[in-house]
S.K.: 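Shown below is the structure under consideration.
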Amino acid sequence: MVRARFAPSPTGYLHVGGARTALFNWLFCRKHGGRFILRIEDTDILRNIEGAERKLLDDLTWLGIEPDEGPDQGGPYGPYRQSERRDLYEAAVNKLLEEGKAYYAWDTPDELDVLRKAAQAEKRTFRYPRPATLPTKAEADRARAEGRPVVVRFRVPDEPITVHDEILGDVTFGAGEMEDLVIYKSNGWPTYHFAVVVDDYHMQISHVLRAQEHLMNTPKHVFMQRALGYEPPKFAHLPLVFNIDGTKMSKRDKHKVVRKAAKDLIKAGKWSADDVARIAQATSKAAEAWLDKADTELDMEQVTRLAASAGVVMPEIDVHDFKLSGYLPEALTNFVALIGWSPGGDREMLTRQEMVEYFSFDGINKAAGRFDREKLLAVNTTYCAEAKPERLLAAFRDWAACVDSSMKSLDDATLSRVIELCKGMRTLADVVSKAGPLFAPDDSIVFDPDAVTKILQKKNGQGYAMLEQMLPALESISAWTVSEIDGAIKGLAESAGVSMGDVAQPLRVAIAGRAVSPAIAESVELLGKEKTLNRVRLCLSRR
RNA sequence: GCCCCCAUCGUCUAGAGGCCCAGGACACCGGCUUUUCAAGCCGAGAACCGGGGUUCGAAUCCCCGUGGGGGCACCA
C-alpha cells in the first residue's frame, strides 16, 4: 500500500514550491491507488503562526490537492498534528536513551558557539564532540536543576551509509560525516528530524517525496530508523525550483521589490523615511531597519501597504499570491508539474487525470528548474481560452470574492457576457482591467491623459468632433442592440469619410476613459443607452 | 572550508548508443489579421559546458576539469 505525505509547517501561506511537492505526492498516490496524508509539522512552537494551518489547507483545496487523511478529514493514524503526538516521541526517545543510542547534553548556545568558532579558526569542520562516557539520567537531572538547557542527542553510528533514492540512485555518505544531532530540544519538544522519523513510521509512510534540500538529512533519518528498528521508507528527492534568475524563490523577493521602490521614492524626494513608517503603520525604528535591509522588521501586511502605496506589484511567491493575481488553479498546477517533471514526448497541457496516468519517477528530472512567469502566463491564457463558460464564471466569482472586486455583485448573465467579451484574457484580473470601467459610476471615470491627446485632441480635435456627431446617431437608436450600435458607428465613419478607428476610439475613450475596452459596440450595448449618452456628454464637457 | 547533488536552445523540456547536422512549448525577432488591448495565424533564429576515453558509431556509457545548486541549527 502506497502511503505518501506532505508535511508543511504552519508558518504562513503555501509556497509554490511546497505546492509542487504536495502535487507530486498526490499524483504518486493516485497513480498507485495509495493514500495521500497531510501532516502538520508544528514542533517549533515559536515559529507557528496563528491561522497558517487554515491557509495551508485552503490553498491545497483550491489547487484540488485534497488529502485522504489529515487534520480536517482525520484517519486511522491520527492525530495529524505533531503537537498532538508528543507521547509517541517521548516513548521513542526514551527507548534510544535506555539503549545508549542517544544521550543527554547540556551545552549552552554560547558554549557551542565558541566550539564552532574555534573549529572554524582551525579550518576544521565542526562536529559535536561526543563525550567518552555518556552522562547518566541523574546527571542530566542535576544539570537541569541547575538551569542548564538539557537536550538529547542521537548517537550517529561511525560507519558509512548508502541510501537509495528513487530519482537520484544510490548516494553514499562517509563515516563520521554527520555529527550527533539534537533530537530533543531543551524545551521538551522533539526536533523535526526526530518527529519525522517517528511519525513516518507510525503513519506507515511508504514513500517520502520531498525537495532535494532534504537529501543531506536522509542518512541521519535512516540511521535513526535503524536504531529504532523501523523499516525505512523509500525516498525520492525532487529537484528544486528557483526564480528565473536562479535565486531562491522566497518572501524576501517581495521585501526586495518594495524596498527598492521605497528607496527610489525617497531618492526622488517623494517620500521620507517617516512616510514609510506612517504608510506601513510601523514604528520609525522598524521602518528604518527595514529600509536598511532587515526583512524581519516589517511584516507582510505592512510591506503590502507600502507596495500598494508605491504602486509596485510584488512578485508572486505563495499559491495565494497567484490566486490573487487571477490564475486558474488548474493552470498553476499544470505549469508547476512541468518543472522537474515531464510526462514524456511533446505532452504539455494535461488534465489532472492525464498527469496521474503519466506520472512516474522516471520522468522526474535531477536538475533544478526555474519558475518562468512568462510561461505560466501563457499556460494560464490557454486554460482561460479553453475553459468552459461555466468554469470561467465560477473561477471569476471565486477570484472576485477573494480580491473583493466590485464586479462580484454582477448577475450571472451579465458576468458571463462580460467574460465572453474578454476572451483572450491572460488572467481573470484582465476582465476587470479591461471591462471594469463599464461597471463603475459614470462620474468615477478617469480620463487617461495619453488617450485624450492621442485620440480626442489630435487632428484639431477630430475625436471630439466625432463624438458630437455620434451623439444624435446614438440617440436615434430605438432598439439598443449590438447590430444597431455597430451600424451607427459604421454609418458615421462612412459619412464622415474616416476610418472605423477614428470613430470607435473616441467613443471608447468617452465611455471607458482610455484606449482599451472590450469590442466597442458590445461595450456600448452593455453600458446601456442612458449611461453611454451620459458619458459621451460628460467627456465633451471636459473638452 | 567540508559533504552531497546536478549539467540539451534565454526558460521548461523530448531524447534511455545509430531513428538527432537534436524535436516541442514559452520568450524573442519578422510578417499577417485588426475599431483598442489581449488573443489568434504564418515564418525565422536559437542548445547537446570543456577535455579525455569506451565503441564501427555517443547528447546518450566511464573518468577528469569547469560551472551551477543544496546541506553543514535546540528551523523545518
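Letters go in sequence order (proteins before strands), and every chain restarts at 1. Since the structure is predicted, the reported quantities are computational estimates derived from the model, not experimental observations.
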S.K.: Using the ring of each side chain (for Trp, its six-membered ring), is A/F322 parallel, tilted or perpendicular to A/F371, with breaks at 30° and 60°?
M.R.: tilted
S.K.: Which of these nucleotides, B/C3, B/G24, B/U13, is closest to any side-chain atom of A/K375?
M.R.: B/G24
S.K.: Within the 3.5 Å criterion, strictly below it, is a donor on A/T218 or A/R210 matched to an acceptor on the partner's side chain?
M.R.: yes
S.K.: Figure out the CG/C1' separation between A/D430 and B/U36, and round it to whole Å.
M.R.: 14 Å
S.K.: Compare the minimum distances between each of B/U35, B/C6, B/C4 and the side chain of A/M500, then state the nucleotide with the smallest one.
M.R.: B/U35
S.K.: Does the distance from a Lys or Arg side-chain N to an Asp or Glu carboxylate O, for A/E146 and A/R148, drop under 4.0 Å?
M.R.: no
S.K.: What is the distance from CD1 of A/I244 to P of B/C28, rounded to the nearest Å?
M.R.: 13 Å
S.K.: Of all the nucleotides listed (B/A27, B/G24, B/C37), which has the minimum atom distance to the side chain of A/E348?
M.R.: B/G24
S.K.: Rounded to whole Å, how long is the line connecting atom CG of A/L338 with atom P of B/G24?
M.R.: 16 Å
S.K.: Is there a donor N/O on one and an acceptor N/O on the other, under 3.5 Å, for the side chain of A/R508 and the base of B/U35?
M.R.: yes
S.K.: Can you measure A/I364 atom CD1 to B/U13 atom C1' for me and round it to whole angstrom units?
M.R.: 14 Å
S.K.: Measure CG/A/N334 against P/B/C26 and give the value in whole Å, please.
M.R.: 13 Å
S.K.: Can a side-chain donor-acceptor contact be found between A/Y192 and A/H214 if the only test is distance below 3.5 angstrom?
M.R.: yes
S.K.: Can you see whether A/Q505 engages A/R508 through a side-chain donor-acceptor pair at a distance of less than 3.5 angstrom?
M.R.: yes
S.K.: Scan every strand shown for a Watson-Crick or G-U wobble partner of B/G65, both distances under 3.5 Å, and answer none if you come up empty.
M.R.: B/C49
S.K.: For A/R373 and B/A25, give me the distance from atom CZ to atom C1', rounded to whole Å.
M.R.: 19 Å
S.K.: Among the nucleotides B/A16, B/C26, B/U13, which one has an atom lying closest to any side-chain atom of A/D362?
M.R.: B/A16
S.K.: So, under a plain 3.5 Å distance rule, would you say the side chain of A/K434 forms a donor-acceptor pair with the base of B/C37?
M.R.: yes
S.K.: Answer whether the closest heavy-atom distance between the side chains of A/D486 and A/E522 falls below 4.5 Å.
M.R.: no
S.K.: Quick one: is A/R426 getting a side-chain N or O under 4.0 Å of the B/A39 phosphate, OP1 or OP2?
M.R.: yes
S.K.: A/I167 CD1 to B/A7 P: how many Å, rounded?
M.R.: 13 Å
S.K.: For A/I339 and B/C12, what is the distance between atoms CD1 and C1' respectively, to the nearest whole Å?
M.R.: 7 Å
S.K.: Under a 3.5 Å cut-off for both distances, is B/C72 Watson-Crick or wobble paired, and to whom?
M.R.: B/G1
S.K.: With a 4.0 Å cutoff (strictly under), does any side-chain N or O of A/T381 reach OP1 or OP2 of B/A39?
M.R.: no
S.K.: Going 5' to 3' through nucleotides 58-76 of chain B, assign each nucleotide B (protein heavy atom under 4.0 Å from a base atom), S (under 4.0 Å only from sugar-phosphate atoms) or - (no protein heavy atom that close).
M.R.: -----------SBS-BBBB
S.K.: Across all strands shown, which nucleotide pairs with B/G10 by Watson-Crick or G-U wobble geometry, both distances under 3.5 Å?
M.R.: B/C26
S.K.: Do side-chain atoms of A/H15 reach the backbone of A/K251 as a donor and acceptor pair under 3.5 angstrom?
M.R.: no
S.K.: Just by distance, no angles: are the side chains of A/D245 and A/T247 close enough, under 3.5 Å, to form a donor-acceptor pair?
M.R.: yes
